[in-house]
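Since the structure comes first, as structure tokens, the remarks are kept for the end.
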Amino acid sequence: VEKNGVIDRWVKKHLVLYTGATRHPFILSIRDGTIDFSSFKRWLGQDYIFVREFVPFAASVLLKASKNSDDNSDMEVILSGLASLSDEISWFKQEAAKWDVPLSDVVVHKSNQNYCRFLESLMLPAVEYSVVFTALWAIETVYQESFSHCLEDGSKTPPELLEACKRWGSEGFGEFCRSLKKIVNRCLEKAPDEELKKAEVTFLHVLELEIEFWDMSHGGP
Ligand code: HMH
């Protein structure tokens with residue numbers, strides 16, 4: 001049995017916000033089959049833009065791992081994440097063609113812009129490894145927890161959306177997220193108080209940005 005780490009404490013402490021991000025009405029509408037496909041198409045176009053920005057962010061975490069990490073396996077975990085992002089970009093293009101979403105002229109929504117700007121701020125060399133790793137873990141885990149919920153027994157996810165849900169809801173991606181969590185817990189264990197505080201604020205910021213991203217997809221302002 002794994003010893004409870006910092007992450008489990010934070011998730012408990014901020015459970016309302018965490019649940020807001022991982023059980024959003026957009027996700028619940030996929031799970032109960034009531035989703036409006038135009039919402040899904042909006043999400044698809046915007047998330048493609050997001051993922052393209054997420055690649056350099058993940059690469060910046062890789063760079064920090066190569067410089068700061070005291071564990072060689074960190075780099076391999078991030079590298080495998082980067083490799084699946086290559087696959088993910090191809091998937092987005094294929095999926096967009098299927099749904100008639102023209103990726104070349106997606107207008108970037110304000111919430112998406114905010115999120116991408118936040119990622120950019122984290123790419124600065126001065127931002128600590130434990131802080132950026134917390135963000136990486138949170139970003140991936142919100143999607144894992146959300147989409148795996150749409151695959152659980154009793155869900156009425158439309159067959160057209162199963163592939164999207166499996167991309168992030170599958171056991172393989174779950175395993176990846178658990179590897180990320182172990183690394184974050186290890187980093188945070190050793191972090192000075194001030195850095196720990198920064199990482200916690202970053203975690204909360206990711207949750208807020210994820211909620212706004214779902215709101216945007218769901219048809220919010
Ligand atoms: C907005 N958050 C958002 N998009 C994603 N693709 C992920 C997380 C997971 O990579």
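Read the numbers this way: they start at 1 and go in the same order the structure lists the ligands and their atoms. The first residue in the sequence is number 1, and the count goes up from there.
A distance of 6.0 Å or more separates the ring centres of F213 and W43.
Residue E210 has at least one heavy-atom neighbour below 4.0 Å for each of these atoms of ligand 1: 1 (C), 2 (N), 3 (C), 8 (C). Of all atoms in ligand 1, numbered sequentially from 1 with element shown, those under 4.0 Å from a heavy atom of V51 are 6 (N).
Within the 4.0 Å heavy-atom shell around ligand 1 one finds I139.
Closest to atom 4 (N) of ligand 1, if we only count protein heavy atoms, is D47 OD1, 2.7 Å. At the shortest separation from atom 10 (O) of ligand 1 among protein heavy atoms lies E140 OE1, 2.7 Å.
With respect to S130, the side chain to side chain donor-acceptor pair (under 3.5 Å) criterion is satisfied by exactly one of K64, K190, E195: E195.
When the heavy-atom distances from atom 7 (C) of ligand 1 to W168, F173, Y143 are ranked, the shortest goes to Y143.
Between the side chains of H218 and D36, no donor N or O sits under 3.5 Å from an acceptor N or O.
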Check against side chain to side chain donor-acceptor pair (under 3.5 Å), W214 and E210:
CA-CA 6 Å; W214 293 134; E210 287 287 339; 4.6 Å; no

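Using a 30° and 60° split on the angle between ring planes, W168 and W91 fall in the perpendicular class, above 60°.
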